[in-house]
Amino acid sequence: MHDIQPIIDRVREVLATHELNRPGAYARWIWQNEDASRELGINEYGCADAANILYMIGAFPQNPEERASWVGVLQDFQDSATGLFNEATHHPYHTTAHCIAALELFDARPKYELTELHRYLDRDELYTFLDGLHWKNDPWIASHQGAGIYAALVLAGEASREWQDWYFAWLYDEADPQTGFWRKGHVIPTCQGDSFSGVLDAPTVFPHLAASFHYLFNHEYAHRPLHYPAAAVRTCLDIYENHRWPTLGHAVTFAEVDWVYTLNRAQRQAGTLFMETKAALTSFADEYVSYLLDLDPTTHENFNDLHTLFGCVCALAELQAALPGYLTSDKPLKLVLDRRPFI
């Protein structure tokens, strides 16, 4: 059993150092990187992820005037002409879904319609878009688009139930029976895209797991069935035991929640390999919590990036729910994905 309250306390301290001049205004970073490419002022991911983190740790703003300020800050990032939210480090579809998901925590929506995404409300256009994503060579980054259009359109109230049926029908048909991930015929044990350059110690399908995580949380939100959940469980267990992502469990990234959430939620649908799943999650929790307790929160690069810090808190929230009584805190963490899709 682990007390994770010291980690949560550190998270709150880091959040305070990123707060700017009005409620809801946050920087994503507070120091520059080597190529001086960071936006050190107010940032879409700084603001959205501050809201996400505060929601999860039980410190979400309650005062109506304060909440109105948060909503205004987030809404002001939207481009009135396209309806999109734009930021340099992510595809606009990701940023759009991410900011709209943060607004949903305040029971709010964007100010303008998502006109740039309306083309995909046509079934043929939607299927052409999904079919054309980089499923083989860059699935992780491509999933930001394929999952983002669903979350953005649904949370903005611009997607019909019929459209959602089309979306999930395509994904159901395109699931890979061997791994349980997306997309059949494209899941390979190495990844050649720019985001995954370099040589790994052993082949891994982890980039496909990370991509599939984004489609999975849409399924979970909509209570839609996976086609091959048992295969996804087996693949997640194999990744942990035999074909790991090199930094898994020893970094502050989104990789941790990708793996934990996919294994835990797929197991729920599969109804098999329960003991094996719990054993793997327990072993992982031991590794991950020990790593987080040992890092220096004042100097750690990704612990001071509010976006990757958000991913870390998501992983802890899912672990705490998956392992009742094993990770303790003053307040139980609330995973934002249990309220709405997209992180």
Side-chain angles (χ1 to χ4, degrees), residues 1-2 4 7-8 11 49 52-53 55-57 140 143 147 179-182 204-221 226 229-293 295 302-303 307-329 332-339 341-343:
M1 189 167 70
H2 301 278
I4 60 171
I7 301 171
I8 297 169
V11 168
D49 288 321
N52 286 322
I53 293 169
Y55 175 88
M56 290 199 293
I57 66 176
W140 199 336
S143 69
T179 63
F181 298 158
W182 286 279
T204 178
V205 297
F206 189 88
H208 296 276
L209 177 151
S212 297
F213 159 74
H214 290 81
Y215 300 103
L216 174 57
F217 60 57
N218 285 344
H219 280 75
E220 286 286 289
Y221 169 77
L226 302 177
V233 174
R234 290 193 297 269
T235 308
C236 287
L237 292 172
D238 180 67
I239 285 172
Y240 184 65
E241 295 163 3
N242 303 308
H243 301 104
R244 279 223 199 177
W245 192 244
T247 61
L248 184 65
H250 299 272
V252 179
T253 66
F254 280 87
E256 286 69 34
V257 68
D258 293 350
W259 180 80
V260 170
Y261 185 93
T262 302
L263 173 58
N264 190 45
R265 300 306 173 103
Q267 195 283 323
R268 287 186 189 179
Q269 289 207 25
T272 60
L273 297 171
F274 177 82
M275 296 305 296
E276 293 87 345
T277 294
K278 294 302 179 184
L281 290 172
T282 302
S283 175
F284 179 83
D286 292 340
E287 279 186 70
Y288 191 44
V289 171
S290 296
Y291 166 78
L292 293 174
L293 288 171
L295 63 77
N302 280 16
F303 207 82
H307 191 50
T308 48
L309 181 62
F310 169 48
C312 168
V313 179
C314 286
L316 289 173
E318 184 69 3
L319 280 169
Q320 190 178 57
L323 302 170
Y326 200 66
L327 303 183
T328 61
S329 56
L333 297 173
K334 298 185 297 182
L335 183 64
V336 289
L337 289 174
D338 287 332
R339 175 177 169 127
F342 216 78
I343 63 173

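Position 1 is the first residue of the sequence; numbering continues from there.
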### Query
Do V205 and H243 pass the side-chain contact (heavy atoms from CB on, under 4.5 Å) test, and can you show the C-alpha distance, the side-chain angles, and the key distance before you say yes or no?
CA-CA 8 Å; V205 297; H243 301 104; over 6 Å; no
### Task
Verify ring-ring contact (aromatic ring centres under 6.0 Å, His included) between F217 and Y221, making sure each step is shown before the conclusion.
CA-CA 6 Å; F217 60 57; Y221 169 77; 9.8 Å; no
Is the shortest side-chain heavy-atom distance between [X] and [Y] below 4.5 Å?
X: N302; Y: L309; result: no
X: Q320; Y: I4; result: yes
X: L248; Y: F284; result: yes
X: C236; Y: Y261; result: no
X: L316; Y: L292; result: yes
X: K334; Y: Y55; result: yes
X: W140; Y: D258; result: yes
X: E220; Y: L337; result: no

Nearest heavy-atom pair of [X] and [Y]: which atoms, and what distance?
X: G249; Y: Y291; answer: O-CB, 3.8 Å
X: A210; Y: S143; answer: O-OG, 4.4 Å
X: F342; Y: A147; answer: CE1-C, 4.0 Å
X: D286; Y: H2; answer: OD1-NE2, 2.8 Å
X: Y288; Y: A251; answer: CE1-O, 3.5 Å

Once side chain to side chain contact (heavy atoms under 4.5 Å, CB included) is applied, do any residues pair with [X], and if so which ones, sequence neighbours excluded?
X: A270; result: P229, A230, V233, T272
X: K278; result: N264, F274, A322, L323
X: S290; result: none

To the nearest 0.5 Å, what is the distance between [atom1] on [X] and [atom2] on [Y]?
X: W259; Y: R244; atom1: CH2; atom2: CZ; result: 7.5 Å
X: T282; Y: M1; atom1: OG1; atom2: CE; result: 13.0 Å
X: L226; Y: R268; atom1: CG; atom2: CZ; result: 12.0 Å
X: I239; Y: L209; atom1: CD1; atom2: CG; result: 4.5 Å
X: N52; Y: C314; atom1: CG; atom2: SG; result: 7.0 Å
X: F213; Y: R265; atom1: CZ; atom2: CZ; result: 9.5 Å

### Query
What residues, two or more places apart in sequence or in another chain, satisfy salt bridge (charged side-chain N to carboxylate O under 4.0 Å, His left out) together with R339?
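In terms of salt bridge (charged side-chain N to carboxylate O under 4.0 Å, His left out), with neighbours along the sequence ignored, R339 is linked to E104, D107.
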### Message
Using the rule given for side-chain contact (heavy atoms from CB on, under 4.5 Å), can you reason through L327 versus L333, listing the C-alpha separation, both sets of side-chain angles and the distance that settles it, and then say yes or no?
### Response
CA-CA 10 Å; L327 303 183; L333 297 173; over 6 Å; no
### Task
Check side chain to side chain donor-acceptor pair (under 3.5 Å) between S283 and all other residues, then give those that pass, not counting sequence neighbours.
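Only Y240 meet the side chain to side chain donor-acceptor pair (under 3.5 Å) criterion with S283.
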### Query
How would you list, by chain and number, every residue that makes a side chain to side chain donor-acceptor pair (under 3.5 Å) with E256, sequence neighbours excluded?
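E256 satisfies side chain to side chain donor-acceptor pair (under 3.5 Å) with T253 once adjacent residues are dropped.
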### Query
Is Q267 reaching over with its side chain to a backbone N or O of T277, donor-acceptor style, under 3.5 angstrom?
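Absent.
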### Query
Are any side-chain N or O atoms of S212 and backbone N or O atoms of F181, one a donor and one an acceptor, separated by less than 3.5 Å?
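A pair under 3.5 Å: no.
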### Task
Could you go through the side-chain contact (heavy atoms from CB on, under 4.5 Å) check for F254 and F310 one step at a time?
CA-CA 8 Å; F254 280 87; F310 169 48; 4.0 Å; yes
